[in-house]
Amino acid sequence: MLTPEEKQRYARHFTLPELGETGQEKLKAGSVLCIGTGGLGSPAAMYLAAAGVGKIGLVDSDHVEPSNLQRQIIHGESWIGKPKLESAKHRLLEINPHIEVVTHDARFTAKNAREIAEPYDIIIDGTDNFPTRYLSNDLAYFTGKPNVYGSIFRFEGQVSVFAPHLGGPCYRCMLPNPPDPGTVPSCAEAGVLGVLPGIIGSLQAMEAIKLIAGIGTPPTGKLVHYDALNTTFRNFTLRKDPECILCGPNPSVTDLIDYDGFCGVPNTESMKEITVQELATALKQGLDGILVDVRTPEEWDAAKLDGTIHIPLQELPNRYSELPSDQKIYIHCKAGGRSAKACQFLEAQGYSDLTNVKGGIDAWRTLIDPTLPMA
Ligand SMILES: [Zn+2]
């Protein structure tokens, strides 16, 4: 099953008695879905590729930004402004052309999760955000696929494998529901030392490889905690909650749920959206409507797009009547979250032709005008 080139490539695996040629064949026949190609997904996918995991699926809808490169090592300087998926696929096949890389250009949601994950043996959650964490946990439970979890915060990281079908607990056994929106710092742009997701993402790759090859013991029922400042690894026991709302006998969660509202980002699926490239073209040709900026006065003072009307999001409930209801309204903010909220609010007030600018002024700076000052 392995070609002579592959046998040469994986020679160092063959001399491990636990793995050997049989284990390598299992890796070649194995498949992993990596959700996200960011800080955790980068090292995870790269080590899976190098190890010879036969099929690697990638889900991402972002573009490479200069501030990603400090930790998202799958992407390089020449890929700035381009889709992360293309960049990641290129890099993985450069590492190992003997594998298959499948790209899924989408946000991972309750609607598409089952279909995307269906062909894969294992899910790696490389996103480190609550909406995807709950979605991949629930998906793993409903489909009987192990979910390799990783998370980082400041100088600390965590790894576990959630696989109720293998006897362990699920994530909801610990935290039944996401904490209240706004109470969790990971939603904000928290700082991170780039090597930390490198370590945690590498541990995730290791667990996926162990599961596929059937070697060692996966950390089901165990939370591995890494403290970088004190250089300690500690294990915590995770117990199955007999009354778990997902994996217990009387579940209240019976299907996949989106927690998009969680970080204050509304579900944009039914919302009209425009990319910054499309907006730039439309502005050049004369915009068929008005462009509204809903950022704070401080952000507006630091940098603004020409010809925008400025109404901060928190003033919108008192000032929306300043906006014409018979014209197309394009709305932007810093990254697309607040403008999506503004679209939802205006829609509820009876405005019908609303378009959210995807990625906001940050995307504009990355893709259109790098001279625009940072707010
Ligand atoms: Zn559970």
Side-chain angles (χ1 to χ4, degrees), residues 31-36 40-41 44 59 108-118 120-153 156-181 183-187 200-201 203-208 210-212 214 216-226 233-263:
S31 56
V32 177
L33 178 66
C34 203
I35 309 168
L40 297 169
V59 194
F108 199 62
T109 67
K111 216 185 250 176
N112 63 19
R114 277 179 199 268
E115 198 188 330
I116 290 177
E118 202 273 322
Y120 302 94
D121 303 327
I122 293 170
I123 302 162
I124 289 188
D125 176 9
T127 59
D128 201 13
N129 67 59
F130 275 95
T132 311
R133 186 170 307 159
Y134 279 86
L135 185 58
S136 54
N137 177 70
D138 298 356
L139 179 69
Y141 174 70
F142 290 129
T143 59
K145 298 175 198 279
N147 171 32
V148 185
Y149 154 82
S151 170
I152 51 169
F153 181 60
E156 292 164 52
Q158 299 180 340
V159 177
S160 190
V161 169
F162 295 114
H165 63 289
L166 301 178
C170 79
Y171 189 76
R172 285 189 193 266
C173 290
M174 290 192 294
L175 256 179
N177 289 296
D180 286 339
T183 60
V184 177
S186 68
C187 288
I200 300 300
L203 284 171
Q204 288 179 284
M206 176 62 97
E207 294 310 327
K210 281 165 58 189
L211 283 164
I212 298 172
T217 313
T220 53
K222 197 197 279 183
L223 187 73
V224 181
H225 177 268
Y226 170 60
F233 277 96
R234 290 174 69 194
N235 289 340
F236 297 92
T237 301
L238 300 180
R239 290 206 170 77
K240 205 176 166 75
D241 175 2
E243 299 300 321
C244 177
I245 61 169
L246 177 69
C247 72
N250 301 303
S252 57
V253 178
T254 54
D255 204 354
L256 299 178
I257 303 167
D258 274 323
Y259 288 103
D260 273 355
F262 176 75
C263 293

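Start at 1 and go down the list; that is how both ligands and their atoms are numbered.
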- Under 2.8 Å from the Zn ion (ligand 1), which protein atoms of type N, O or S occur, listed by chain and number? C170 SG, C173 SG, C244 SG, C247 SG

- Message: So, using side-chain hydrogen bond (donor to acceptor under 3.5 Å, both in side chains) as the criterion, who are the partners of K210 when residues are at least two apart?
- Response: E207

- S160: side-chain hydrogen bond (donor to acceptor under 3.5 Å, both in side chains) partners, not counting sequence neighbours: none

- Item | side-chain hydrogen bond (donor to acceptor under 3.5 Å, both in side chains) partners for H165, two or more places apart | none

- Query: Quick one: does I152's side chain get under 4.5 Å of Y226's, heavy atoms only?
  - Reply: no

- Message: Could you check whether any side-chain heavy atom of F162 comes within less than 4.5 Å of a side-chain heavy atom of D125, counting everything from C-beta outward?
- Response: no

- Message: Any salt bridge linking K111 with D258? Criterion: basic side-chain nitrogen under 4.0 Å from a carboxylate oxygen.
- Response: no

